[in-house]
Amino acid sequence: MSLESIRYKRGNLEILDQLLLPLQTRYVKVQGVEDGWKVINKMQVRGAPAIAIVGCLSLAVELLKDEMDDKKVMRQEIEGKLNYLVSARPTAVNIKLAADELINLANTLSADDNVSSSEFKDRFIARIESMLAKDIEDNKAIGKFGSEAILSRLEGDRQVRILTHCNTGSLATAGYGTALGVIRSLHGSKRLEHVYCTETRPYNQGARLTAYELVHEKIPATLIVDSMVSALMHTRNITAVVVGADRVASNGDTANKIGTYQIAIVARHHDVPFYVAAPLSSIDMSLTSGDRIKIEERPDREMTHIGEHRIAAPGINCWNPSFDVTPANLITGIITEKGVFTPSRLKDEIPKYHSPIASS
Ligand SMILES: CSC[C@H]1O[C@H](OP(=O)(O)O)[C@H](O)[C@@H]1O
């Protein structure tokens, strides 16, 4: 059973406070959009899919309590609250795409005279709730396609050694995970010899969250410091790198956790295939390249302190971009719930599929 980052029943939402992991397991109540914005902005919940799901569920919780029965006013309020939630963290696209879909749904329901205000509310909340099951289903498909793609490059039944970066598991999604979903799938088919996970400074998603998930599920794994990636590939026979994504442009350029770009460069130097695992809801087809992806910069304190403990000299300047962009030419394949695509195929393949949120 993978870790539960989101606990939801209609009208009630709690998130696992990831700032306290791995030492403390504490759930935080999210009672509306203000709370949703805060837990996302503070990174108590993080990960592109989880951000979208928790943000939208916080709106569902608030809407259920709202006595409003004028559909036009509800539609207006929904649009304003979704745009507010999108502002919590700018780089991951999932919440923006989800907001666009939900605003379209609100417009449709509001304009339909056959839909009462209570039906509007019920169908709108149900659509948001559908994101949970769809995310897990998508992650399992990503796991299947990703493990097949990696294994198809090998002769016989050899086992594989995978390097991953940041956290892309049950703590970044509704469950199972994207890149960690590929690792879970390889482990489940008994083809995974070992996982190497980077600590992922400065928030330490790897050391605190990915290592926690892997130990929890007894998946053979070793933690490495971010600066060990070159030495690892030089001394160990790494089969492939699999990472997540926060925003993939239509040409395949991918924004992901800071440090991903240099891993891709090292992988190319060592001729190790480099995969991005991401649902369609992480792909921004409105962007022609990664040049225009907004890179979030986070507080210096994330670098200068670990918890309350200062580790950097007082007064030193810091630069703390939370993401970088890996150019498409360093990416072997983009693993989605619809299959694995080379970056150059995205423009033709992705528009064939439905919108990221389950259609009604
Ligand atoms: C499954 S998407 C996870 C994605 O999000 C992480 O960023 P953050 O922890 O800052 O939300 C990282 O980029 C992961 O690849």
Side-chain angles (χ1 to χ4, degrees), residues 2-3 5-6 15-19 21 39-55 88-98 131 135-136 138-143 146 163-184 197-210 212-213 226 241-248 254-264 274-284 290 293-299 302-303 320-326 331 334-337 356:
S2 54
L3 293 161
S5 64
I6 303 165
I15 56 103
L16 179 56
D17 185 346
Q18 296 186 30
L19 286 172
L21 290 177
V39 294
I40 291 168
N41 180 262
K42 284 173 63 184
M43 293 180 70
Q44 288 175 282
V45 63
R46 30 65 47 198
I51 288 168
I53 292 165
V54 168
R89 293 191 70 197
T91 303
V93 71
N94 309 56
I95 192 165
K96 174 73 174 76
L97 293 182
M131 293 171 75
D135 189 54
I136 292 171
D138 289 351
N139 291 343
K140 291 192 172 163
I142 287 169
L163 169 66
T164 193
H165 185 57
C166 198
N167 175 257
T168 59
S170 300
L171 295 169
T173 65
Y176 201 73
T178 55
L180 212 48
V182 174
I183 287 166
R184 285 190 165 103
C197 58
T198 59
E199 65 175 358
T200 318
R201 284 277 296 148
Y203 184 94
N204 298 313
Q205 288 93 331
R208 297 189 306 109
L209 308 178
T210 297
Y212 186 66
E213 291 200 45
D226 298 338
V241 176
V242 190
V243 298
D246 292 83
R247 192 180 295 235
V248 183
T254 296
N256 195 53
K257 185 50 52 194
I258 188 74
T260 304
Y261 178 24
Q262 63 192 27
I263 292 172
F274 182 92
Y275 289 97
V276 169
L280 297 185
S281 54
S282 299
I283 302 178
D284 184 352
I293 297 176
K294 181 165 172 37
I295 301 298
E296 175 188 11
E297 297 215 3
R298 295 211 42 106
E302 286 184 1
M303 291 174 61
N320 187 14
S322 201
F323 303 97
D324 56 25
V325 177
T326 298
I331 298 171
I334 295 170
I335 306 164
T336 76
E337 66 274 29

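Read the numbers this way: they start at 1 and go in the same order the structure lists the ligands and their atoms.
Each of Arg46, Gln205, Lys257 was compared with Asn167 under the side chain to side chain donor-acceptor pair (under 3.5 Å) criterion, and only Arg46 meets it.
Residues satisfying the salt bridge (Lys or Arg N to Asp or Glu O under 4.0 Å) test with Lys140, not counting sequence neighbours, are none. Partners of Ala92 by side chain to side chain contact (heavy atoms under 4.5 Å, CB included), not counting sequence neighbours, listed by chain and number: Ala48, Asn94, Asp246. A search for salt bridge (Lys or Arg N to Asp or Glu O under 4.0 Å) contacts involving Arg208 returns nothing, not counting sequence neighbours.
You'll find the side chain of Thr210 reaches within 4.5 Å of the side chain of Leu180, heavy atoms only.
Salt-bridge formation is detected for the pair Arg247/Asp284: a Lys NZ or Arg NE/NH1/NH2 atom is positioned less than 4.0 Å from an Asp or Glu carboxylate oxygen.
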N/O to N/O under 3.5 Å, ligand 1 against protein:
from     : atom 1 : to     : atom 2 : distance (Å)
ligand 1 : 5 (O)  : Asp246 : OD2    : 3.2
ligand 1 : 9 (O)  : Arg46  : NE     : 2.9
ligand 1 : 9 (O)  : Arg46  : NH2    : 3.2
ligand 1 : 9 (O)  : Gln205 : NE2    : 2.9
ligand 1 : 10 (O) : Arg89  : NH1    : 3.4
ligand 1 : 10 (O) : Arg89  : NH2    : 2.8
ligand 1 : 10 (O) : Lys257 : NZ     : 2.7
ligand 1 : 11 (O) : Gly47  : N      : 2.8
ligand 1 : 11 (O) : Arg89  : NH1    : 2.9
ligand 1 : 13 (O) : Asp246 : OD1    : 2.4
ligand 1 : 13 (O) : Asn256 : OD1    : 3.2
ligand 1 : 13 (O) : Lys257 : N      : 3.1
ligand 1 : 15 (O) : Asn256 : OD1    : 2.5

